[in-house]
Every structure is written in structure tokens, then in C-alpha cells.
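Order of the sequence lines sets the chain letters (A, B, ...), proteins ahead of strands, with each chain counted from 1.
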Amino acid sequence: MIDDSVRVAVVGAGHGGTTVAALLRQHGFGGPVTLVGAEPHPPYHRPPLSKSAGGALEPLRPEAFYAEQRIGLTLGATVRALDARESVLLLDDGSRLVSDVVVLALGARPRRLQVPGADLPGVHTLRTVDDARALTGELGPGRSLVVVGGGYIGLEIASTARRLGAEVTVVEVAERVLGRSAGAELADRLTARHRAQGTRILTGTAVAGLTPAPDGRVGAVVLDSGRSLPCDVVLVGIGAQPCDELARSAGLECDGGVLVDERGRTSAPGVWAVGDMTRRPLAGRSGRFRLESIPSAGEQAKQVVADLLGLPAPAPEVPWFWSDQFDLKLKIAGLVGLGETTVVRGDLDGGRFAVFHLDGAGRVVAVETVNSPGEFMAGKKWMAAGSVVRPDALADASAPLRESIVEGAT
Amino acid sequence: MNLIKITFQDAASGARTVEVEPNGTVMEAAVLNNVAGIVAECGGGCSCATCHVHVDEQWIDRLPAPAPEEGDLVEFLDGAGPTSRLSCQLELTPQLDGLVVRTPHAQG
Ligand SMILES: Cc1cc2nc3c(=O)[nH]c(=O)nc-3n(C[C@H](O)[C@H](O)[C@H](O)COP(=O)(O)OP(=O)(O)OC[C@H]3O[C@@H](n4cnc5c(N)ncnc54)[C@H](O)[C@@H]3O)c2cc1C
Ligand code: FES
């Protein structure tokens, strides 16, 4: 537990780092807090970058916030090295930041395509507001976009690009979009919806290379079948890698991300970590997980601040995230891969439904919802309580949700 | 513009009154002032329900009724009660000067 003589340095001014700094003050910590971020912009919301066109910057907190909360905000500064033993950070301008506690929140970076032509002008990835501006600036009526990767970001960009009038093709190597993060029912309906909006979706198809147009920009995406898709712009959305180089060279234990415990502690005393760069335990599940979502980063921020200030640990969470595509508001809670059977509530083709994933004992382990906030909330609550449901009652959308619960069973 | 006062009551940290311009939402007023107990994960998108508040009985009838989406989220929200609202859906107006809300024990 720390007192106000302790200096806290938070590295990475994204969702996780900013939340750590804000929560420290919310809980009355009075010592110096410095938040260092590589991007030149004040901390902002990432989810709109793929969901709304134009790349507007939506700040996480108003400008006055940081001064009022006495959070020293250093922007446009990349931390190059960490001395974990002495809690010293080396910045790219050569200056040193000395503290007592370091919280790492460096996030993740888009994975790059390992094929010839992947670096041609006109080939984009999307993580930052600058990326979003560069990409959406190239989209518009008459432009054609190929999205490599049918994950959430790829599909969100596909929907945004259609709104901007672009021709869109999504190329996905697996047989289905969204891979293991979504069930077949949802993936198939989303695919149908995108197709109905004029997007071409090619699954089971790998990209062999990108070839230039006469002007030197990307001109086509070549598939492994040999087929060539002419295009003006490419977005590569094939997942993200944890930014764990700094942690690795500081000697922190890493394995597909910085390893942390349920309090956000790394293997080095004095260094905590949160967010997309970490792999962490989840209550009631074995193994460690790298969850890339705002709620997860926020949850870990709570864990770290509770540990630092000696507060009670936050209640075990049910992981969840959201996605918006066209007029579909998706909300997904739990981990889909753990289910054995599914129950559909609502009309799969009606644009408003929920898919509940149950384990062998009839407990809800995940729920995927489309325009169904009640089902989402109920599913999340049932997961937290370990409730057992009656599949037939749950499948009957005309019956109240509460009647799906087997009373007394937990 | 005249500032208006909003009071956030919190079981752990007591009551906090903030003064804000009467635009934006109750959630934004809380975030600006780093009020404990308002998380607002989705940034006001009516998705996360981590901006839940219990509105003081005296004020509940003076607020516009919730849209269906907000109503559905709140109906199944743990710890919700008869005056529960999502603070990101409560637009601030000069008429809300003096509004009192209570933050829940836990969010989300
Ligand atoms: C386009 C897009 C859409 C998304 N949509 C959703 C959504 O709808 N719902 C959802 O739940 N999640 C969504 N996510 C995921 C979500 O944004 C992340 O899970 C979240 O931002 C993780 O927070 P973080 O603090 O770990 O990382 P980030 O928010 O990425 O912040 C990390 C920061 O650290 C900085 N940094 C890195 N290295 C250094 C260094 N050496 N020195 C200083 N600073 C450094 C980076 O520049 C960055 O600003 C989306 C992500 C993207 C990219
Ligand atoms: S901030 Fe997410 S629902 Fe209000």
C-alpha cells in the first residue's frame, strides 16, 4: 500500500493508463502522478475510430481535467527504456523520469501482413486517430477498399466505408468471419447483413501479395488462388500484438504479453501493467487471457489502483465488449468458446436477437446480442451469478426473460 | 452561462456537489469532475450501463422518460431500483439545477 510520498508514473496515455491516473485521484491518492504518452493527442476514445467516418478526436476527459486533478500529462513522449529495479524511465528526448511505482499501459499495435507489397502506399492499419484520418481521407464514392481480415475492426471499417460510398471487399482466411470470438449464428448473420449492404465477403481465402498500380500506390490484392482484386485502398485488420518490448528488455516476465496477476502485478516489484499489452487471469477460469477491450482495461485499472491503495479488490467481472455495424448494436459478454450448446432468442434474420451459449450444466457462459440490451444485461447478470437456465423458456422470445431462470440453482 | 449544481451521493465517499454548465449530460459532468462511482466505459453510447445512478425521488418525475434501449438495460441491471437511470442519457438543462443522484455500490 502506498502513501502520498510515493511518485507514480503511468506509461501509455490510452484507455488503461488514463483510467489508472483518474482512479488514483478518485480514491484520494495525493502524491505525484505523471501520465506519459507517445501520441501527440490528449487521451481519446479508440472505438469510434472504426465506427464513425472522418477520424474526429473524442477526448476521454476534457482538457481542464488533467490540471484540475493534478495529473502531469506528458504527450508526444515515447519511453525507450525502463529500469525496473530503480523505477526510472528513459524518454526519447533523453530525459529521465524517476518514480517509485510504474504502471505500464502501452496497448497493442496492429499486426502486419507478411506478404510482398505489404508496405505499398495506400495500405493502412488502424490503431490511432492519425491512422483513422489517413484511412478515411482515402475513402469515398468511387473508391474501392479491400479489407484484409474479417475481425471486428475489419467489419466495422467495412460498414463505415460503405457509408462513405466506397466499394468494399473483405478477405478472410478462415471459413467464417470473426473467427473464434463469435458463434456461427452471429457470424453468418453479420456476413449476410454486410452482403446485403453491397459488401463482398470472401472467406477461406488467403492473401498472397499486393501489387502496385502505375502510380506506385497499391493497385490490387492478389489472392492465393491467383485471382486479383483491383483496389485503391487496403486496410489490414488481422489482429494486434502486445507492445511488450519495453517490458521484455526490462526483464519482466512475458509470454504473448506481459504476465500479470489478478492485481495487475508484473514479475518485477514496483511495476504494474494493464490493458491490451497484458495476459492475465480471469476469475473462475484457468489460464491467462489477453482481452483487448475497454471494459477489460478498465477492470485492470481498478485492480491496480485497489492494490496500490489497499482498497478491497473489485468484484469478479464478466468480460464483455461491443461493436456497432450499420444499425446493428452488438454486445457480447463471456467467452464464446466455452459453450457446449446454444439457444437463440428472437429472430436471427430480424435484426434483433440473442445467442446464449450454455455449458453442460445449463449455465450461461456467453451471450451475443444484436439490438437486444435486455438480453445482454440479463445474460451478464446470470453469468455473474452462475445461474442455470431453461433452454425452452429462454428460446421463447414472447416469455419474459426472468422465467428462463431455474430458481435456486447456482 | 449560469452554472448549475449537481450532487452525487456515494455510500463510500459521501456527497459531492459539482458546478457545471447546463449542457452535456450528467455522466459528462461526473467524468469532468472525476466523481467516484461513474465509470462510463462506452463514453455515452448507451451500451455499457456503467454510468448508472439512482435519481433522488424528488427529481425523478422531472426527467424525461427513458428511451426503450435505456429502459431495457436498466431493467436487468444488477442493483437497479425504481429511480435508476443511465446518467449518459440525462441531458443537463437549467431546470436541473440542484439535481441529486446517488451512485450505486458497484458499476457494471
Ligand atoms: C479501431 C478500434 C476500435 C475498437 N473498438 C472497440 C470497441 O468497440 N469496444 C471495446 O471494448 N474495445 C474496442 N477497441 C479496443 C480498445 O480500444 C482497447 O482494448 C483499449 O484501447 C486498450 O487500452 P490500453 O490502455 O491497453 O491501450 P491503448 O488505448 O492503445 O493505449 C496505449 C497507449 O500507449 C502508447 N504507448 C505505446 N508505447 C509507448 C511508449 N513506449 N511510450 C509512451 N507511450 C506509449 C500508445 O501510443 C497508446 O496511446 C478498439 C480498438 C481499435 C484500435
Ligand atoms: S456511458 Fe455507457 S451507457 Fe452510459
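Among all heavy-atom pairs drawn from B:C46 and A:K331, the shortest one is O-NZ, 3.7 Å. Among all heavy-atom pairs drawn from B:L77 and A:M377, the shortest one is CD1-CE, 3.1 Å. Scanning both residues, A:L60 and B:V31, for their nearest heavy atoms gives O-CG1, 4.0 Å. For the pair A:A22 and B:N34, the tightest heavy-atom approach, listed with the atom from each and the gap, is O-ND2, 2.9 Å. When all heavy atoms of B:L32 and A:F65 are compared, the pair lying nearest together is O-CD1, 3.4 Å.
Interface summary for chain B: among A:R25, A:E317, A:R61, A:K329, the most heavy-atom pairs under 4.5 angstrom belong to A:K329.
The closest side-chain heavy-atom distance from A:W322 to B:C48 is not below 4.5 Å. Side chains of A:W320 and B:E41 form a contact here, defined as non-hydrogen atoms less than 4.5 Å apart.
Of the two parts of A:P295, the backbone and the side chain both hold a non-hydrogen atom closer than 4.5 Å to a non-hydrogen atom of chain B. Proximity to chain B (any heavy atom under 4.5 Å) is shown, for A:A378, by both the backbone and the side chain. In this structure, chain A has no heavy atom under 4.5 Å from any part of B:V74.
With respect to B:D72 and A:R352, a salt bridge is recorded, a charged nitrogen being found less than 4.0 Å from a carboxylate O. Ion pairing between A:R402 and B:E75 holds under the 4.0 Å rule for side-chain N and carboxylate O.
Residues passing the salt bridge (Lys or Arg N to Asp or Glu O under 4.0 Å) test with B:D10: none are found, sequence neighbours excluded.
The number of heavy atoms from other shown groups lying within 6.0 Å of CD (B:Q58) does not exceed 12. A:H41 NE2: more than 12 foreign heavy atoms inside a 6.0 Å radius.
A:I294 CD1 to B:S47 OG: the interatomic distance, rounded to the nearest 0.5 Å, is 12.0 Å. For the atom pair NE2 of A:H45 and SG of B:C42, the computed distance is 8.5 Å after rounding to the nearest 0.5 Å.
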